[in-house]
Number of protein chains: 2
Amino acid sequence: MKEAKERGHGIKEENVYAETLKHIHRMMAEDNLAPGDKLPSERELAERLGVGRSSVREALRALEFLGLIETRRGEGRYRREVGSHQLIDLLAMFLLENERAKADLAETKRLIERLLLELACRRRSAEDVNELKKIVRQKPIDFARFFETVVEAAGNVLLARIWRVLSGFAASFAPEPPLADAGYEQLLAALERQDPAEAAAVWEANGLRRCRNGPDIV
Amino acid sequence: MKEAKERGHGIKEENVYAETLKHIHRMMAEDNLAPGDKLPSERELAERLGVGRSSVREALRALEFLGLIETRRGEGRYRREVGSHQLIDLLAMFLLENERAKADLAETKRLIERLLLELACRRRSAEDVNELKKIVRQKPIDFARFFETVVEAAGNVLLARIWRVLSGFAASFAPEPPLADAGYEQLLAALERQDPAEAAAVWEANGLRRCRNGPDIV
DNA sequence: ACCATTAGGTGGTCAGACCAGTGAAGGAAG
DNA sequence: CTTCCTTCACTGGTCTGACCACCTAATGGT
């Protein structure tokens, strides 16, 4: 009675939804899908992968959650620029109820930013420095663009993604108070001299007051 | 021709799936659902909320994605301990298909471990130090237990969770080369003296060689 | 009292149907 | 010819009903 199973294939035996998710993701990579490109329709994917439309829908919904694709009703689904994370809004909503989580989040974000700065110091190219100089020269300083460049220069995709997720969370309930201009000058100098310790020191010095005390002068 | 719509209710007009998601989440809060408690079944929720089962499924899948509930086939869905960030799991899954990502993963893990060590230096209690002394004294040194204690002492739940995820994935394809015993002695000394800089220095000296030099794998 | 069987509930999946937007093809009016 | 509008095919959104595989607990025979 009990040996009835074993549907022929010995291995996989995972949720169709999870399989489909991986499959579609792999397909996106293999087809070299650029941001803005259109994905096949739900029905076509279902037929091509030999699964039901509902399973395809759940997989696509997950990809949308991860911010990898964008859905336009009546049109289709499109590959999205990485970095715009839809899931952030939802997650933030849930996290709002936990004070401790908020504190941990703020601290973690801050620490990972320090790591990214240190990495950027070691790996930044000459172009990175020029780009940053341009950004700092142009007042008011665009904090987001400054740090995006730093993250790019750090050259660690995983750490960058974690940062973007945390950053999105934090932004949704704790607006970012910008550093003083002098802070950027110092960071830039450290980056140019490839001095990770100096960058970390500047970051700590500029961050502690707002982390500890809360509201402070801009 | 164009004024045909307006299904009676003037406002909402959002995806049923999104509405259902919020609805179920609110319901969980109002019913004071404790971790481990069972949620109503898909079919019951569908009937109670007046929507289709597929919409309920998409909403529940999202909650699962967020780590708020757990699904047990054949049994039901249960409220889960908050704080389990499922999304990072998924993120890692995707990154694992890429060689470059593996190098980034190893580096990120290493860096986050440094952060945890630094935090632990600042926040460790006397008991933490005693615990660590016991672990170090007992050869061969149990690396996992040593670091678990450090992570605990660091007192940042979010960072700890990220580390556990990274650690788990890293272990699955890159066995951990343990530190020399002398390394643990030095780390312990730094922790006892609450000297983050020293701890970080020891960590870098013992580990970063493999991350820095390799030209981003092949 | 024990254990195998059974029945009902639950999530997992699929297929088909219909709705509601979108955009392009195609025809009528200018 | 151009312009405008209708039409139609296609897409995502949703609902329904039907199975399946799985788990639990009640059942019933030994």
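Labels below follow one simple rule: chain letters A, B, ... track the order of the sequence lines, proteins then strands, and each chain is numbered from 1. Just so you know, these numbers come straight off a predicted model, no measurement behind them.
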List the residues meeting side chain to side chain contact (heavy atoms under 4.5 Å, CB included) with B:E70, not counting sequence neighbours, and say none if there are none. B:R72, B:R80

Who pairs with A:K133 by salt bridge (charged side-chain N to carboxylate O under 4.0 Å, His left out), at least two apart in sequence or on another chain?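 For A:K133, the residues satisfying salt bridge (charged side-chain N to carboxylate O under 4.0 Å, His left out) (neighbours in sequence not counted) are A:E192.
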
With sugar-phosphate taken as primed atoms, P, OP1 and OP2 and all else as base, the protein-contact string of nucleotides 8-16 of chain C at under 4.0 Å (heavy atoms; B, S, -) is -BBBBBB--

Show me the pairs that pass ring-ring contact (aromatic ring centres under 6.0 Å, His included) and involve residues 149-168 of chain A, at least two apart or across chains.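 Matches after skipping sequence neighbours: A:F147-A:W163.
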
Run the side chain to side chain contact (heavy atoms under 4.5 Å, CB included) test against B:D128 and tell me which residues pass, sequence neighbours left out.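 Residues passing side chain to side chain contact (heavy atoms under 4.5 Å, CB included) with B:D128: B:R124, B:S125, B:A153.
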
Qualifying salt bridge (charged side-chain N to carboxylate O under 4.0 Å, His left out) pairs with a residue from residues 141-153 of chain B, counting only residues at least two apart or across chains: B:E131-B:R145, B:E148-B:R164

